[in-house]
Protein chains: 2
Amino acid sequence: MLRQPQKQIANREKNISRIKEAAEYVFAEHGYSGASFSLIAKQAKLPKSNIIYYFTNKETLYRAVVEDIFDIWRSAADSIKKDNDPSTAIAEYIDTKLEMARNRPFGSKVWANEVIQGAPIVQDYMEDELHRWTNDRMVVIQHWIDSGKLRATSARHLLYLIWAGTQHYADFQHQIETLNDNHPLTDEQWQETKYFLKDIILRGICVE
Amino acid sequence: MLRQPQKQIANREKNISRIKEAAEYVFAEHGYSGASFSLIAKQAKLPKSNIIYYFTNKETLYRAVVEDIFDIWRSAADSIKKDNDPSTAIAEYIDTKLEMARNRPFGSKVWANEVIQGAPIVQDYMEDELHRWTNDRMVVIQHWIDSGKLRATSARHLLYLIWAGTQHYADFQHQIETLNDNHPLTDEQWQETKYFLKDIILRGICVE
DNA sequence: GGTTTAACTGATTAAGTAGTCAGAAAACAT
DNA sequence: ATGTTTTCTGACTACTTAATCAGTTAAACC
């Protein structure tokens with residue numbers, strides 16, 4: 001049995017993902033300015049210097065976190081494809097996005113925070129990646145509309161409504177829990193949420 | 001003609017609202033931690049010490065800003081009353097909220113920021129005022145449903161969807177403008193937004 | 001006009017911040 | 001084993017921050 005000669009590499013990967021996870025949480029809870037290296041270090045249970053060793057500075061760490069988020073977020077829209085059935089595809093998209101809101105709320109919060117503040121760090125990302133990605137999806141939706149599979153509405157605003165409606169449950173999680181008498185949503189309540197959003201949105205866009 | 005003996009009072013009010021306006025902007029653009037007295041002072045064109053003179057500390061100023069926002073936000077729902085026609089009332093609510101998103105985006109952003117970070121400063125406000133306010137509106141909507149004027153859907157999630165769908169245009173303003181080729185929305189585009197949201201949501205909740 | 005009171009402000013302080021760096025420790029190579 | 005490279009870290013620095021406060025200016029009162 002060969003000894004693995006890469007103890008370093010394995011350790012490096014472990015540490016990096018551990019730091020990113022901690023950073024995602026701290027950036028979400030405190031915003032960019034409020035997130036200090038010492039808070040992130042405490043969360044990751046690693047010395048502050050070690051974090052700087054891996055990521056050089058705060059902005060680099062932040063960008064790494066945001067890029068991870070964006071990749072996941074992007075892959076959630078895999079179902080929005082020309083040849084898929086619109087209702088099924090959009091229902092699937094809503095389901096997936098709500099599951100992400102439930103399971104990975106911190107990423108969503110970091111993104112929201114960044115955009116609210118005018119994307120000072122990831123403006124280039126928005127102009128390139130997000131812009132292209134959004135246009136691609138809009139083309140698909142417009143195709144569905146043009147071929148009579150969807151009611152004639154705005155593809156752009158439909159996307160925005162799906163984003164807003166789903167991400168709300170991540171970004172405003174705290175508000176929702178407060179209004180739910182300080183309890184997290186139960187499985188049943190998440191089911192209800194999924195059902196509600198699909199019900200309203202699909203009813204709004206399907207040809208009658 | 002009597003001389004006004006209240007030069008001081010007038011000046012005080014002027015300064016306070018000037019400071020709050022500047023603070024709302026800076027808190028929205030930089031978050032709670034990122035908003036420093038010196039930034040707010042620069043924005044308000046007043047010395048830093050003067051701001052502290054009026055508001056004692058950062059948290060007090062912040063709370064003043066949030067309370068102002070909340071009051072305005074609350075009054076937008078005046079139309080949600082038992083005796084009003086549901087479709088008209090909800091259409092009016094959506095219109096009003098979208099106008100607020102357009103004209104007062106900073107307040108919305110401050111609120112969003114605060115909630116995303118778990119409402120560290122205004123938790124009590126959420127538990128008292130917002131909770132009561134939301135329950136009141138939900139009772140009205142439930143009444144409409146029970147009396148057959150609306151389809152049987154979730155009053156709670158309907159409110160959330162309206163909030164999410166409208167506030168998105170304030171909170172994510174920067175993203176929306178970036179996706180709009182770096183142009184602010186035109187009058188026409190705002191019209192289109194209003195139309196879209198009312199179209200989808202009303203279609204989703206009206207009895208067929 | 002002179003006194004009291006409120007409004008205001010520049011200088012200062014104590015605490016926290018991002019980032020540097022010299023050197024220790026571990027992993028790897030031979 | 002020895003040397004080399006990479007990983008790691010505590011101590012430090014230069015800077016920013018919220019908040020204090022002593023002292024100044026302006027308004028209100030009589």
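Every chain is numbered from 1 and lettered A, B, ... according to where its sequence line falls, protein lines coming before strand lines.
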Glu59(A) CD to dT17(C) P, in whole Å, measures 19 Å
5'-most by nearest nucleotide on DNA chain D - Ser38(B) or Tyr54(A)
Tyr54(A)
Calculate the interatomic distance between Lys7(A) atom NZ and dA26(C) atom C1'; express it in whole Å.
9 Å
Return the orientation label for the Phe70(B) and Tyr125(B) ring planes: parallel under 30°, perpendicular over 60°, tilted otherwise.
perpendicular
Nucleotide nearest Lys58(A) when distance is taken to its side chain, options dG19(C), dT9(C), dA19(D)
dG19(C)
Could you state the CD1-P distance from Ile121(A) to dA18(C), rounded to the nearest angstrom?
13 Å
Which nucleotide sits closest to the side chain of Ile52(A): dG10(C), dT20(C), dA19(D)?
dT20(C)
Leu46(A) CG to dT9(D) P, straight-line distance once rounded to whole Å
7 Å
So, Glu24(A) and Arg104(A), do they make that salt bridge, N to O below 4.0 Å?
yes
What is the distance, rounded to the nearest whole Å, between atom CD1 of Ile9(B) and atom P of dA28(D)?
9 Å
Taking only the side-chain nitrogens and oxygens of Ser36(B), find out if one of them lies under 4.0 Å from OP1 or OP2 of dT17(D).
yes
Pair Asp136(A) + Lys81(A): basic N to acidic O under 4.0 Å
no
In whole angstrom, give the distance that lies between atom NZ of Lys48(A) and atom P of dA11(D).
12 Å
Quick check: on DNA chain C, is the nucleotide nearest Asn11(B) upstream (toward 5') of the one nearest Tyr32(A), or the reverse? Name the residue that is more 5'.
Asn11(B)
Please determine whether a side-chain nitrogen of the Lys or Arg among Glu99(A) and Lys194(A) lies less than 4.0 Å from a carboxylate oxygen of the Asp or Glu.
yes
Base, sugar-phosphate or nothing for Tyr53(A)? Non-hydrogen atoms, less than 4.0 Å.
base
Minimum-distance nucleotide to Ser49(A) side chain [options: dG10(D), dG19(C), dT9(C)]
dG10(D)
What's the NZ-C1' distance between Lys42(B) and dT16(D), to the nearest Å?
15 Å
Rounded at 0.5 Å granularity, tell me how far CG in Asp181(B) sits from CG in Asn135(A).
7.5 Å
Side chain of Phe37(B) only, heavy atoms from C-beta on: which candidate in dA18(C), dA18(D), dT9(D) is closest?
dA18(D)
On the nucleotide dT9(C), are OP1 or OP2 found under 4.0 Å from the side-chain N or O atoms that Asn50(B) carries?
yes
Separation of dT7(D) P from Phe55(A) CZ (nearest whole Å)
13 Å
Under 4.0 Å between any heavy atoms, over every strand shown, what does Ala41(A) touch: base, sugar-phosphate, or nothing? Just pick one.
nothing
If you compare every side-chain N and O of Asn15(B) against the phosphate oxygens of dA7(C) (OP1, OP2), does one of them come in below 4.0 Å?
no
